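This report refers to the structure that appears directly beneath it.
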Amino acid sequence: MVNITTYITGGIAAYKAAIVVRNLEKMGHKVRVVMTENAKKFVTSQTFAALTKYPVLDDLWLKSNEAEIPHVHLAKWTELAIVVPASADFIAKMANGIANDAASTTILATSAPKIVIPAMNDNMWENPATKRNISLLMKDGVKVMPPVTGMLAEGYSAKGRMPDPEEIVKYVHDFLQNRQNLVNKKIVITAGGTIEAIDPVRYIGNNSSGKMGIALARAAADAGADVSLIYGNISVELPEDNNIHKIQVTSSEDMLEKVQEEFKSADALIMAAAVADWRMKEVADHKLKKQANQNELQLTLVKTPDILKAVSTQKKDNKIIIGFAAETNNLLENANRKLEEKGADYIVANDVSKDVFGNDEDQVTILQKNAKNQVWPRMSKQKIAQKIIDLLSNQL
Ligand code: C5P
């Protein structure tokens with residue numbers, strides 16, 4: 001059972017939080033409550049103190065024991081933080097790291113996973129500022145349970161209504177279940193592009209942002225796995241998570257070495273990195289100079305090691321290997337060939353001819369030997385990562 005801190009912020013849906021708290025306690029979790037001043041305009045702190053048999057944290061400057069720092073203590077105690085309901089204001093504070101009251105300060109000090117359950121007026125929910133803040137939270141790995149369409153306190157039906165307490169409790173339960181799925185499993189994940197030097201200042205690189213690999217690392221860590229994230233050149237922020245061990249590499253040769261080392265003690269490998277296919281036969285030891293009247297330059301390239309193939313052919317036991325196939329044409333034909341040639345258990349095929357690099361969304365097809373292809377609809381890379389990790393959990 002889990003230590004859950006429930007944050008209640010200002011909104012009419014605050015009264016429903018009492019049922020959420022009660023049901024979480026019934027499931028055996030330990031629950032503590034933090035409230036904002038505005039939340040207390042809708043429902044009293046006594047309600048929650050009585051339900052949890054514990055004082056509600058609503059003030060950073062308690063006089064009872066000035067030597068103790070209650071919000072830091074609570075942040076450390078927390079194994080899961082849920083914000084129910086989450087007002088537009090609190091979402092904005094969380095997304096931007098603003099800490100100016102007991103609730104926003106305590107949640108900023110919390111490193112545990114967080115679930116945010118927004119409830120607000122439809123125009124507030126649709127406002128670009130709210131959308132931006134929600135997207136920032138999701139990028140930070142915060143889970144957002146989206147509001148539903150239904151009767152709002154304003155008296156009309158629209159999107160912005162908080163889901164019913166029973167659905168919230170189920171969502172929290174499923175989240176916690178999923179967290180257990182990969183406990184005691186080690187997953188190696190590669191992300192980003194490799195860099196193959198031409199000379200001391202130039203290199204051969206590619207457009208990979210590392211988003212997919214990093215989303216996979218986050219999802220695997222959320223499922224409780226011990227993750228080795230081997231990353232090359234990336235253009236997104238690295239995750240801060242105690243379950244994610246980050247290993248930086250440059251070239252395909254470096255990546256091969258680290259993957260082989262980490263895979264020895266791992267249960268699965270996901271090769272989401274865009275590994276260069278070619279490298280310089282000889283890397284120049286000085287900057288290549290253009291000569292007067294020179295219109296062409298010929299570089300001699302040789303093949304890089306195929307990491308996926310090397311690891312698959314050496315693999316023993318029931319370890320799972322997942323590769324990616326990024327193609328601009330003949331997607332399934334090429335992906336099928338890769339499944340065969342590279343010896344992977346799964347290939348995630350994606351068509352990169354359309355707006356995929358650096359984008360938050362993607363559409364993929366999952367190929368598996370002797371099984372029907374699974375065509376997944378277009379969705380966020382975060383969601384795809386989650387589904388790939390679910391698939392892996394089932395196999396492991
Ligand atoms: O580049 P290609 O389309 O062959 O990549 C397919 C899969 O193989 C990807 O999962 C990629 O990470 C992996 N790969 C590799 N070593 C290479 C090239 C690709 O492991 N040298």
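These numbers were taken from a predicted model, which means no experiment stands behind them. Every number for a ligand or one of its atoms is a count from 1 in the order of the listing.
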> Under 4.0 Å from any heavy atom of T304, which atoms of ligand 1 are there?
Replying inline: 21 (N)
> For ligand 1, which atoms sit closer than 4.0 Å to a heavy atom of G323?
Replying inline: 10 (O)
>> Using modelled atom types and a 3.5 Å cut-off, is there a donor and acceptor pairing between side-chain atoms of T313 and backbone atoms of A310?
In response: yes
>> Whether the side chain of N206 engages the backbone of A274 through a donor-acceptor N/O pair (distance < 3.5 Å, no angle test) should be reported.
In response: yes
Give me the nearest non-hydrogen protein atom to [atom] as residue plus atom name, then the distance to 0.1 Å.
{"atom": "atom 7 (C) of ligand 1", "result": "F324 O, 2.9 Å"}
{"atom": "atom 18 (C) of ligand 1", "result": "V275 CB, 3.6 Å"}
{"atom": "atom 2 (P) of ligand 1", "result": "K338 NZ, 3.6 Å"}
{"atom": "atom 1 (O) of ligand 1", "result": "D277 OD1, 3.7 Å"}

[X] N/O under 3.5 Å from ligand 1 N/O:
{"X": "A272", "answer": "no"}
{"X": "L308", "answer": "yes"}
{"X": "I307", "answer": "yes"}

> At the 4.0 Å heavy-atom cut-off, does A273 count as touching ligand 1?
Replying inline: yes
> Touching ligand 1 at all, A310? Heavy atoms, strictly under 4.0 Å?
Replying inline: no
> Is it true that K387 and D390 have a side-chain N and a carboxylate O under 4.0 angstrom from each other?
Replying inline: no
>> What verdict does the side chain to side chain contact (heavy atoms under 4.5 Å, CB included) test give for Y54 and V31, after you've listed the backbone C-alpha separation in whole Å, the side-chain angles of each residue and the deciding distance to 0.1 Å?
In response: CA-CA 9 Å; Y54 206 83; V31 185; over 6 Å; no
>> Checking side chain to side chain contact (heavy atoms under 4.5 Å, CB included) between L229 and each of I247, L216, I214, which is the one that passes?
In response: I214
> Run the side chain to side chain donor-acceptor pair (under 3.5 Å) check on Q368 and Q374 step by step: do they pass?
Replying inline: CA-CA 9 Å; Q368 185 188 3; Q374 297 179 40; 5.0 Å; no
> Which is closest to atom 13 (C) of ligand 1 in terms of heavy atoms, K303, R337, K342?
Replying inline: K342
> Atom CE in M120, atom CD in E126: separation rounded to 0.5 Å?
Replying inline: 10.5 Å
> So, K342 versus S312: side-chain donor-acceptor pair below 3.5 Å or not?
Replying inline: no
>> Just by distance, no angles: are the side chains of T304 and E196 close enough, under 3.5 Å, to form a donor-acceptor pair?
In response: no
>> Counting only heavy atoms closer than 4.0 Å, does ligand 1 sit against the backbone of P305, its side chain, both, or neither?
In response: backbone
